[in-house]
Protein chains: 2
Amino acid sequence: MPTETITVSECAAFLRTRDNFLILTHLRPDGDTIGCAAALCVALRDIGKTAHILRNAEVTPLFEPLVEDYYAPDGEYGTIVTVDMASELTMMLKGGDPYVGRVDLSIDHHPSNTGYAKRTLVDGSRAACGEIVLDVITALNTALIPEIVTAIYVAVSTDTGCFSYNNTNAGSFRAAAICAEHGADVAELNRRLFREKTRGRLAIEGHVLSTIEFAHDGRAAFVVITNADIERCGATEDDLNDIASLASGIKGVVVAATIRELDGTESCKVSLRSKPEFDSNALAQRFGGGGHRAAAGFTRRVAAVQLRDELYAAIGEALDA
Amino acid sequence: MPTETITVSECAAFLRTRDNFLILTHLRPDGDTIGCAAALCVALRDIGKTAHILRNAEVTPLFEPLVEDYYAPDGEYGTIVTVDMASELTMMLKGGDPYVGRVDLSIDHHPSNTGYAKRTLVDGSRAACGEIVLDVITALNTALIPEIVTAIYVAVSTDTGCFSYNNTNAGSFRAAAICAEHGADVAELNRRLFREKTRGRLAIEGHVLSTIEFAHDGRAAFVVITNADIERCGATEDDLNDIASLASGIKGVVVAATIRELDGTESCKVSLRSKPEFDSNALAQRFGGGGHRAAAGFTRRVAAVQLRDELYAAIGEALDA
């Protein structure tokens with residue numbers, strides 16, 4: 001059954017008519033999905049609803065404080081909502097399988113959203129799903145209390161790389177201004193999210209910067225991060241957050257592929273970052289993944305070395321096309 | 001004679017009554033002063049005024065394109081305006097001496113503005129002077145054409161470290177949103193100002209991050225950059241710009257010392273960066289240098305290894321004091 005595409009005000013109206021919400025975040029959760037879940041949960045409670053967030057075992061210590069007070073007890077839920085989840089098949093959080101095929105509402109900013117939910121509020125022009133959730137919360141006419149705007153600021157600032165990525169636009173700045181005006185502690189959040197680095201982060205950045213491989217006349221960059229590298233650097237999952245963007249900032253590099261071994265599996269996660277002239281989403285889709293034009297990815301059960309060779313060829317073709 | 005403190009609308013009214021403007025930027029010009037000068041000059045021309053910018057010999061290639069079309073020919077000017085200049089004595093640009101004591105209007109965001117101009121529009125709560133200049137231009141009722149908002153975006157984004165510094169606030173985000181809405185190419189500007197790094201820069205960052213030495217319970221960090229390191233990395237002088245700040249962003253590090261060999265001499269340059277609880281200036285003065293509390297330095301004719309040992313001891317003492 002095709003999804004019903006809805007507007008922000010229709011979304012707010014829908015939320016008002018329902019209750020007993022369970023909010024789902026995506027696999028390998030980032031600041032956007034976690035921030036959206038926290039903000040939406042608090043706002044729904046604020047208008048008198050019962051709302052919980054399904055515990056995502058992969059949430060990192062950096063983001064867990066935003067959601068830990070709202071974890072859902074076991075039970076039945078009346079309304080299932082996903083935030084920032086493009087596909088319920090490939091991006092469903094661990095433990096979310098019972099909800100596949102049962103999502104009532106998907107709020108998302110991925111143009112590639114598969115329309116898996118009964119209702120979909122999607123705006124592919126927004127840098128962060130948090131911008132859309134802020135619009136929804138505003139339409140709910142609930143107070144923008146500090147807890148809500150803090151979560152939204154985390155969502156928007158992390159998805160835009162502190163307003164430095166290509167996706168940053170007027171809407172991102174407007175959302176951030178609203179967050180700052182309503183009590184988000186921008187200085188403290190920026191320090192924790194962007195400015196202060198752990199030793200593990202520094203070490204893994206050092207590894208990446210020292211081992212980048214350039215190809216295709218310097219237009220492509222490859223980075224491989226093995227489990228041994230991660231262990232040697234003492235890097236945590238938080239330390240690896242958005243490590244893929246490092247290589248893409250190099251002058252002349254059009255597309256950067258960061259290949260990372262996933263501990264305890266024989267799989268690798270590939271993150272692609274590109275300048276406007278290269279479509280990372282199209283490349284990721286060839287490998288069974290997806291995302292945005294400027295940032296996409298996929299996971300595959302292939303050794304890092306082999307994956308690097310396959311990507312080398314595929315990127316060469318795409319660059320020449 | 002004390003300065004007349006004026007409001008944004010009074011400032012706009014004053015600009016409307018005057019003509020033949022000369023705009024002055026400050027010594028060692030940054031993106032804020034250059035962006036303000038460019039935006040104000042274009043806006044004044046847009047309302048039919050004659051306006052020029054006094055050439056600042058220290059402007060860097062990154063910012064020169066904003067102002068180079070507006071340099072003032074020799075001659076007499078009717079109205080002298082400074083932007084982002086806290087003091088006409090210590091911050092007057094080179095070649096600006098004839099205008100000391102003759103400034104008609106100072107637009108500034110430094111709380112320390114000395115009130116040297118006949119009229120002063122100052123707001124110390126703003127992160128960038130560009131935010132105030134945007135208010136003035138808006139009050140002039142001229143169109144926010146792309147050239148103006150591009151210059152304002154440069155001013156605001158550089159003075160806030162791409163919206164990551166402590167000074168970033170709702171006003172900074174609001175100004176950036178207006179710039180983005182009116183045609184500032186945020187993606188391209190961010191790429192040039194913040195994201196794009198040369199391979200030489202990446203390599204030297206990789207070297208620094210891979211070789212940082214921690215001491216004194218992780219409160220101190222030492223970095224040594226030899227001539228051989230610089231050569232191996234292919235790093236230029238531009239690539240080494242502010243490399244000292246890398247080590248100081250690490251969690252727990254209170255003071256970071258970056259020791260760099262100076263090519264063709266037997267000297268080393270030491271750059272100190274510290275968190276508020278440590279006085280880099282005091283430490284640098286012990287070695288014959290100086291600077292600010294958070295950033296100071298000195299140069300000495302001593303081998304890097306020996307300098308590191310001397311600093312190790314001196315920093316240990318200072319941390320324990």
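Naming convention: chains lettered A, B, ... in sequence-line order (proteins, then strands); numbering from 1 in each chain. Below, all heavy atoms of this structure are taken into account, side chains as well, without hydrogens, waters or symmetry copies.
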Which pairs of donor and acceptor atoms, one on a side chain in residues 127-135 of chain A, lie under 3.5 Å apart (sequence neighbours left out)?
{"from": "E131(A)", "atom 1": "OE1", "to": "R126(A)", "atom 2": "NE", "distance (Å)": "3.0"}
{"from": "E131(A)", "atom 1": "OE2", "to": "A128(A)", "atom 2": "N", "distance (Å)": "3.4"}
{"from": "E131(A)", "atom 1": "OE2", "to": "S172(A)", "atom 2": "OG", "distance (Å)": "3.0"}
{"from": "D135(A)", "atom 1": "OD2", "to": "R126(A)", "atom 2": "NH1", "distance (Å)": "3.0"}

Name the atoms and distances for all side-chain donor-acceptor pairs under 3.5 Å in residues 245-259 of chain A, with sequence neighbours left out.
{"from": "S245(A)", "atom 1": "OG", "to": "D242(A)", "atom 2": "O", "distance (Å)": "3.1"}
{"from": "S245(A)", "atom 1": "OG", "to": "D242(A)", "atom 2": "OD2", "distance (Å)": "3.1"}
{"from": "S248(A)", "atom 1": "OG", "to": "S245(A)", "atom 2": "O", "distance (Å)": "2.8"}

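Across every non-hydrogen atom of F173(B) and F163(A), the tightest pair is CE2-CE1, 3.5 Å.
With sequence neighbours excluded, the residues forming a salt bridge (Lys or Arg N to Asp or Glu O under 4.0 Å) with K197(B) are E205(B), listed by chain and number.
Distance check, rounded to the nearest 0.5 Å: OG of S210(A) to CD1 of I204(B) gives 10.5 Å. A distance of 9.5 Å separates CZ of R195(B) from NZ of K275(A), quoted to the nearest 0.5 Å.
Comparing T198(B), L193(B), N190(B), T168(B) by heavy-atom pairs within less than 4.5 Å of chain A, the highest count is held by N190(B). Put simply, of N166(A), N167(A), L202(A), the one with the most heavy-atom pairs under 4.5 Å next to chain B is L202(A). Top candidate by heavy-atom pairs under 4.5 Å with chain A, chosen from V208(B), T211(B), L209(B), is L209(B). Heavy-atom pairs under 4.5 Å with chain A peak, among G161(B), C233(B), A203(B), A170(B), at A170(B). Note: A176(A) leads A221(A), A176(A), G171(A) in heavy-atom pairs under 4.5 Å with chain B.
Contacts between N169(A) and chain B at a heavy-atom distance below 4.5 Å involve the backbone alone (N, CA, C, O). Contact of I212(B) with chain A is made through the side chain alone, with heavy-atom distances under 4.5 Å. With a threshold of 4.5 angstrom between heavy atoms, R201(B) does not approach chain A through any atom at all.
Within residues 177-186 of chain A, the residues approaching chain B closer than 4.5 Å by heavy atoms are, in numerical order, A177(A), I178(A), A180(A), E181(A), V186(A).
Other residues, nucleotides and ligands place more than 12 heavy atoms under 6.0 Å from the CD atom of E277(A).
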